[in-house]
Every structure is written in C-alpha cells, then in structure tokens.
Protein chains: 2
Amino acid sequence: MTVAASISNKIVEAILSQQLAPEARLGESELATLFNCSRTIVREAMLDLAARGIVTVIPRRGWFLTQVDAEMARELYDARQIIETGLLRHFAQKGRPLEPHLVQRLQSHLAEQQLALEAGHVGRRSYLLGNFHVCLAECLGNRLLAEKLRDFTVLTTLFTMRHQTPGDARMSYEEHVAIVEALASGRLADAGECMREHLGTWDSKVHMVREVDPLDGLRRALAPMPSDVKGVAAGGKK
Amino acid sequence: MTVAASISNKIVEAILSQQLAPEARLGESELATLFNCSRTIVREAMLDLAARGIVTVIPRRGWFLTQVDAEMARELYDARQIIETGLLRHFAQKGRPLEPHLVQRLQSHLAEQQLALEAGHVGRRSYLLGNFHVCLAECLGNRLLAEKLRDFTVLTTLFTMRHQTPGDARMSYEEHVAIVEALASGRLADAGECMREHLGTWDSKVHMVREVDPLDGLRRALAPMPSDVKGVAAGGKK
DNA sequence: CCTCCATGTCTTGTATGCAACATTAATATA
DNA sequence: TATATTAATGTTGCATACAAGACATGGAGG
C-alpha cells in the first residue's frame, strides 16, 4: 500500500472511531512530518479524500473535514437506505440463501461488535457499528456499492459527531443481530424490513438535534447580560 | 472551475460521447501541453478520476481508462438498477407527484435526446442517453447518488465501448420516454417498473458479446494462413 | 478607546528538477 | 540467424522551491 493510501485510510479510520475532532484542521506540513513524507504525498491523500467528499479545502486556509449540513444528511440517510435495502431486495430476488461462510463472517462481525460494546471501547464500537454495513454489502456481492457505502458511513459519522445525535449503540447492535438472523434463516424479506427500520429512524432522532448556530456560544453568553438588553437585532430564543 | 477539474470533466465528457478510444493512454506531459499547465495539475485531475474508478495507473507506464471486466460490469448494472429503482421507489413512498418544473426539465431532456437521435449525432446521442439517468436522479432530489450514478454511467460506457454491445439507441430513448410519461402522470410504481426493465435487460445483451481475447487480432491474422496450421495451441473459433 | 493600515507569518497552489523504473532499440556474441 | 546484453529513451514518482494569498499582530492616527 502506498503512503498516500495509508494516510487516507488512517484518517478514515480515525473518523469512524471518533478519534478525530470534526472541526480539526488537517495541515499538509503536519501530516507530512507525521508520516515522514513530502507534502506532495499528503496532497495526494487529501485529493483522494476530497474526491470522496470526506474532506474539503478552503483555499490557502487548510483542509477540513466536510461539514455535513441538514440537506446533505437527508440525502445521506436516503442513499444508505436505498442502497442497503436495494441490495437485500436484489439478493432476495435471486432466491438463494446466503452462503454459509458469509453468514459466519457476519456472525463473527457481530461477535466483535458485542465484545467492543461490553468492554466499553467507544472508538472500536463506533467503528464496528459503521463497518457492519460495509461488511454486509460486501457479503451481498457488490464491492462497488460497498465502497461507496463506506464513504457514506464516514460522512454520517461526521454528521452525528457534530450534532451529538444520541445514537443508542446497543440498539443498533441488536438491530444488526436481527438482520443477520433473518438472513441466516433465509427470511430475506424480513432482513430487508429490519434494515429499512434500522436506517429509517434517523429523522426521529434528528429532531432531537439542536440546530447548530455559529453564534450560539456568543448568543448564550450575551443573553443573560443585564445591560444592553434591547441593543441587538430582533429575536430572542428560538 | 479549476484547470484540474476542467481536465477531468473534459475526459469524462469525451468518454460519454465515445470520442475517446477505451485503450487510449493518457500521458501526463501530453495533457499538460494540451491544457497549458504543469504535470502537477494534470496529476491532480488523474488522481480525481482514479478515485472515481474511471482511470487506472500502471506504475511508470502511464494512465489508462479502466478496463471493466465482466464481474465489475455485473456489479455496475446491479448498482445502477438498485440505485435508480430505489430512488423511484423512495420517491413514490412520499406520495407526492413530481413537481411540474422537474417534469418539464425531464421532458426537454427527452427532446434533446430525440433531436440528437434524428440528427444522427452519435456522440451527443450517446452522451445524452447516459446523462438522462443522472438528470433523473437529480430531479428525484439526491445529488449524492446522482454524482455516483454519473461515474457508474461512465464505467458502463467504457464497458460497452470495449465490448461493442449492440445498444439500440432508439429503444433506450423510448424506454426513457415511457419512464417520464409514467412519472408525469403520477403512475410512480409504473415508472419504477419501466426502469427495472430498462436496466435489467443488460445481461441478455451481454450474452451476445464476444469475449475479448487479447490475441484475437493476432489469431485472426494467422488463421487463414495456409502454412503452420496445427502449430498453435488448441482452440479454433469459439 | 476604537479604527485603519502596514507588515510579518503561515497556509496552500503550482512549477520544476531529478530519481527510479519499464520498455525498446541497438549491438555484440555464439 | 538467434539470443543475450547493453544503451537509450520515455514514463511516472516524489521532493523541493518559490509564488500567492489569508490572517494575525502591532502600531499609528483619530
């Protein structure tokens, strides 16, 4: 694997493990010294991540993790639901059960999820919960979609990190279990339905999300001020 | 638009218009002089195309359009069918008809297709027939999937070009018309079914595809030779 | 005390130079 | 003539140097 690829991989993994603050700046020189290579190579990695939508450059300012706004988040969840349920539906049409060694692969993935869950490894837990969807897509026989799904999962993580969606890990895990169980016992339609529910509940969670307001901190700091009460433009609390 | 972006766009358009031989080499220096920029910029464009799977580099040999093998083609058509029918299904679930200005956009796109078809503009025809799917995805409200669909369409073109799939342009056009008509009159489920058929017939066409044999030209050139008839390894014509 | 401007510093943007390697052509040799 | 070896050529791989711009700092002027 080239150095550039290892840099972008490392960054992707760091995001999925929630070890990278979503507002962090990715300085070219910093990364170059960190990976002991030239800026050219770092740039190559950043360009790759940019093509995948994970990273954005502000000219002459720096590289930043993409800020996923509400509209993009909607498209993201829609896309994931469409792809994953579509993949399951497409597989179901073939009328054959999932091959045993693939079932086993999914089950051992679930075991790892459970392990991380019980051990309280937040990073690994988060990584595995996202990675499960990629693993499933691979098992269903479409690497092209699996790869794109990985990128979408990364972007989803960036969204949830910034908006602190509650994200019940145990519940996600159990829904994963239900999907694999349906798949293993040949109830393919059920698996699709589980997946639809698993990915369809995002907006009910997102309603709890407080809108991120760049002036939020400032506003809050100023609101209780005794003086200058009516000085600023209209609009108190939303 | 940056120079790098214009290079990659140009290449993508050239592929979709079938103006770029699928075995063509994309030399960095060539492109640099062609676009009057340095190799650095060209490299940036190639890296972008590589991240999208459109181009592949052979170390120290050059950049080439990706060779889509049979397995990848299968995934490609599956992916497109999953995404596009999924998009239609997802839209149908919302229970609202397509907004009038979007219907109109699709219809004028159809008009352009017809124009190119009747005028016999092969390149533009090919471009529009592929672009229709991207346009539709955009109209259905998911830019993320629309963009990925564009890349998939490019790869599909690369496959069909190399394998000379018959590809009846007029039939494709008429299927597009059927989809838009269903969409315009609110028969959303019908639209999905049309799309499924439109994208589902690929393998029946691919059966007609002659397997590409790297020795094909050589073999053909040697076959009618009167001398040395039994010299080469077994296997005459397929 | 506030505002405006100059300047220094830090960042990415781009070109270029050289190294490493693959292929091809030429040449020597059996 | 066939083959192995060597030289030449052309390509990408990578590092580096410098340019261009954004931002922060400090000071002068009001």
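What you are looking at is a predicted structure, and each value in this text was computed from that prediction instead of being measured. All heavy atoms count here, side chains included; hydrogens, waters and symmetry mates do not. Naming: A, B, ... by sequence-line order, numbering from 1 per chain.
- Take B/Ala5 and apply the side-chain contact (heavy atoms from CB on, under 4.5 Å) test, not counting sequence neighbours, and it matches B/Met1, B/Thr2.
- In this structure, B/Glu13 has no salt bridge (Lys or Arg N to Asp or Glu O under 4.0 Å) partners at least two apart in sequence or on a different chain.
- With sequence neighbours excluded, the residues forming a side-chain contact (heavy atoms from CB on, under 4.5 Å) with A/Ile58 are A/Arg61, A/Phe64, listed by chain and number.
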Pick out the pairs of N or O atoms, protein on one side and nucleotides 5-8 of chain C on the other, that lie under 3.5 Å.
none

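- For A/Arg61, counting side-chain heavy atoms from C-beta on, the closest listed nucleotide (C/dT12, D/dA22, D/dT12) is D/dA22.
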Provide a list of protein-nucleic acid N or O atom pairs under 3.5 angstrom, restricted to nucleotides 16-19 of chain C.
{"unit_1": "C/dT16", "atom_1": "O4", "unit_2": "B/Thr40", "atom_2": "OG1", "d": "3.4"}

Show me, pair by pair, the donor-acceptor contacts under 3.5 angstrom made by side chains of residues 127-138 of chain A, not counting sequence neighbours?
{"unit_1": "A/Asn131", "atom_1": "OD1", "unit_2": "A/His109", "atom_2": "NE2", "d": "3.0"}
{"unit_1": "A/His133", "atom_1": "ND1", "unit_2": "A/Glu84", "atom_2": "OE1", "d": "2.7"}
{"unit_1": "A/His133", "atom_1": "ND1", "unit_2": "A/Glu84", "atom_2": "OE2", "d": "3.1"}
{"unit_1": "A/His133", "atom_1": "NE2", "unit_2": "A/His176", "atom_2": "NE2", "d": "3.3"}
{"unit_1": "A/His133", "atom_1": "NE2", "unit_2": "A/His198", "atom_2": "NE2", "d": "3.4"}
{"unit_1": "A/Glu138", "atom_1": "OE1", "unit_2": "A/Arg105", "atom_2": "NH2", "d": "2.6"}

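- Within residues 27-37 of chain A, the residues having any heavy atom under 4.0 Å from DNA chain C are, by residue number, A/Gly27, A/Glu28.
- With rounding to whole Å, B/Ile58 atom CD1 is found 14 Å from C/dC21 atom C1'.
- With sequence neighbours left out, A/Asp78 forms a salt bridge (Lys or Arg N to Asp or Glu O under 4.0 Å) with A/Arg74.
- Applying the salt bridge (Lys or Arg N to Asp or Glu O under 4.0 Å) test to pairs two or more places apart or on separate chains, those with a residue in residues 124-135 of chain A are A/Glu112-A/Arg124.
- Taking A/Glu147 as the reference, nothing meets the salt bridge (Lys or Arg N to Asp or Glu O under 4.0 Å) condition, with sequence neighbours excluded.
- The 12-atom threshold is exceeded at CD of A/Gln19, counting heavy atoms of other residues, nucleotides or ligands nearer than 6.0 Å.
- If you check every strand for non-hydrogen atoms under 4.0 Å, A/Ile41 touches sugar and phosphate atoms only.
- By the salt bridge (Lys or Arg N to Asp or Glu O under 4.0 Å) test, B/Arg143 is found to be paired with A/Glu71, A/Glu75, residues two or more places apart in sequence or in another chain being considered.
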Side chains of residues 27-34 of chain B: which donor-acceptor pairs under 3.5 Å do they make with residues two or more places apart or in other chains?
{"unit_1": "B/Glu28", "atom_1": "OE1", "unit_2": "B/Arg39", "atom_2": "NE", "d": "2.8"}
{"unit_1": "B/Glu28", "atom_1": "OE1", "unit_2": "B/Arg39", "atom_2": "NH2", "d": "2.9"}
{"unit_1": "B/Glu28", "atom_1": "OE2", "unit_2": "B/Arg43", "atom_2": "NE", "d": "3.0"}
{"unit_1": "B/Glu28", "atom_1": "OE2", "unit_2": "B/Trp63", "atom_2": "NE1", "d": "2.8"}
{"unit_1": "B/Thr33", "atom_1": "OG1", "unit_2": "B/Ser29", "atom_2": "O", "d": "3.4"}
{"unit_1": "B/Thr33", "atom_1": "OG1", "unit_2": "B/Glu30", "atom_2": "O", "d": "2.8"}

